[in-house]
Asker: 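Here it is, the structure in full.
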Amino acid sequence: MDAIAETFDRRIRAGWLLLGFALGGFLDGIVLHQILQWHHLLSGLADPAGSNLRFQIMADGLFHLFMYVLAVAGAVLLVAARAAGARPGTTTEILRVALVGFGVWHIFDAVLFHWLLGLHRIKMNSDMPLAWDMAWLVIFGIVPLLMVVVLPNRGGPARGASAALTSIVLLAGLAAGAGPLFNGAANSVIVFRGGMEPATMMRAIQVADARLKWVDGSGTVWAVDRVSWRGLVILYVRGALVVSTTPIIAGCLAWTDPAGASPDFRSLRAIPDSL
């Protein structure tokens with residue numbers, strides 16, 4: 001890393017570190033929180049927070065927002081350095097610094113969040129959570145750092161590599177909020193404002209011509225058959241904070257599995273159609 005420090009402007013070095021770190025966070029969030037749903041950011045908390053779906057979704061959303069802020073900050077540093085005439089670096093230099101950031105995120109996550117604070121484990125419902133933690137740490141934490149050492153040196157500017165890597169990181173942040181475009185959900189998950197009466201929420205669902213499937217223990221997170229565009233408008237007018245099948249803005253909620261495969265859905269309870 002000393003050689004990199006001597007050849008890189010500090011803003012470029014910091015920018016690529018931030019982008020690599022953010023990409024590591026996006027990989028965890030999109031793959032583990034959303035697609036596989038093995039855990040949420042705060043799955044390890046004791047009840048009632050640990051089983052509160054509304055709270056878990058909010059925490060995941062804030063996590064993705066923080067990672068996106070880091071990614072944008074890294075991009076801003078890179079643009080500022082280039083505007084000042086700093087050397088952009090070679091492909092190898094860029095990849096080395098970005099891989100350091102990517103690997104450091106996974107080491108930080110494992111040591112602090114998994115083991116010291118116990119906020120979550122890689123696979124919450126596993127009989128051997130440490131084995132999953134170690135496997136993920138080695139593959140996505142240790143291996144990227146080893147790659148820093150073995151990457152061959154290549155000279156010349158790396159404008160194409162810079163643009164590609166920056167685009168991947170920023171698009172990963174957008175993908176975290178684009179669940180309705182990718183997960184093909186047959187259901188819509190609705191978060192209503194706190195303090196609403198159950199009858200009022202149920203009436204909103206009925207007016208939206210949606211069929212109720214379940215509601216979580218807090219009484220403010222409801223799952224229904226996938227609603228129409230008209231239904232989306234009605235739900236928002238009648239008190240919904242967010243509906244999962246709303247493009248882009250639905251964020252982590254759009255990936256929620258109504259089947260409750262994850263242990264973090266243990267508070268869900270079925271609601272009869274006659275309610």
Side-chain angles (χ1 to χ4, degrees), residues 25 28-67 109-130 132-133 176-177 179 183 185 187-205 210 212-224 235-236 238-246 249-273 275:
D28 273 10
I30 294 171
V31 174
L32 297 176
H33 298 186
Q34 297 178 322
I35 297 175
L36 296 177
Q37 297 188 32
W38 285 355
H39 69 256
H40 295 288
L41 178 67
L42 302 179
S43 291
L45 296 184
D47 289 339
S51 60
N52 188 322
L53 180 59
R54 179 190 179 97
F55 175 76
Q56 295 292 342
I57 289 169
M58 180 190 70
D60 283 353
L62 291 175
F63 168 75
H64 282 116
L65 178 61
F66 178 66
M67 287 298 159
D109 181 43
V111 174
L112 182 64
F113 291 162
H114 298 180
W115 302 330
L116 294 182
L117 299 180
L119 297 183
H120 61 261
R121 309 298 290 269
I122 289 296
K123 195 168 186 180
M124 293 294 296
N125 61 353
S126 172
D127 294 331
M128 299 185 296
L130 182 59
W132 286 96
D133 288 350
N183 67 351
N187 304 283
S188 296
V189 180
I190 309 161
V191 179
F192 285 101
R193 293 196 305 267
M196 290 183 64
E197 293 293 330
T200 303
M201 293 183 278
M202 187 65 212
R203 179 58 181 162
I205 290 171
L212 185 60
K213 292 194 169 180
W214 54 253
V215 61
D216 85 319
S218 72
T220 57
V221 182
W222 302 59
V224 300
L235 288 169
Y236 281 117
R238 289 179 170 262
L241 288 177
V242 64
V243 183
S244 66
T245 43
T246 307
I249 67 169
C252 295
L253 183 62
W255 301 85
T256 300
D257 178 11
S262 166
D264 304 310
F265 290 88
R266 55 187 176 271
S267 67
L268 300 182
R269 53 188 173 87
I271 299 295
D273 295 336
L275 180 64

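Numbering of residues begins at 1 and proceeds along the displayed sequence. Here the structure is a predicted model, which is why all the values come from computation and not from measurement.
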Asker: Just by distance, with hydrogens left out, do D28 and H33 show a side-chain donor and acceptor under 3.5 Å apart?
Answerer: no
Asker: Could you pull out the closest heavy-atom pair between A59 and L41, with the gap in Å?
Answerer: O-CD2, 3.8 Å
Asker: From H114 NE2 over to L119 CG, what is the distance, rounded to the nearest 0.5 angstrom?
Answerer: 9.0 Å
Asker: Is the shortest heavy-atom distance from the side chain of W38 to the side chain of V31 under 4.5 Å?
Answerer: no
Asker: Taking the side chain as C-beta and beyond, is there a heavy-atom pair between W222 and M202 under 4.5 Å?
Answerer: yes
Asker: Hey, what do you get for NZ (K123) to CG (L36), rounding to the nearest 0.5 Å?
Answerer: 8.5 Å
Asker: Identify the heavy atoms of A240 and I190 that sit nearest to each other, and give their distance.
Answerer: CB-CG2, 3.8 Å
Asker: Just say parallel, tilted or perpendicular for the rings of H39 and H120, cut-offs at 30° and 60°.
Answerer: parallel
Asker: So, for M196 and M201, which heavy atoms are closest and what is the spacing to 0.1 Å?
Answerer: O-CE, 3.5 Å
Asker: Is any side-chain heavy atom of Y236 closer than 4.5 Å to a side-chain heavy atom of V242?
Answerer: yes
Asker: I'd like to check I205 versus F192 (side-chain heavy atoms, cut-off strictly below 4.5 Å). Are they in contact?
Answerer: yes
Asker: Hey, does R121 have a side-chain heavy atom less than 4.5 Å from the side chain of L130?
Answerer: yes
Asker: Find the distance between CH2 (W132) and CG (D127) and round it off to the nearest 0.5 Å.
Answerer: 11.5 Å
Asker: With rounding to the nearest 0.5 angstrom, report the CG to CG distance, D109 to L117.
Answerer: 10.5 Å
Asker: Taking the side chain as everything from C-beta on, heavy atoms only, tell me whether V189 gets closer than 4.5 Å to V243.
Answerer: no
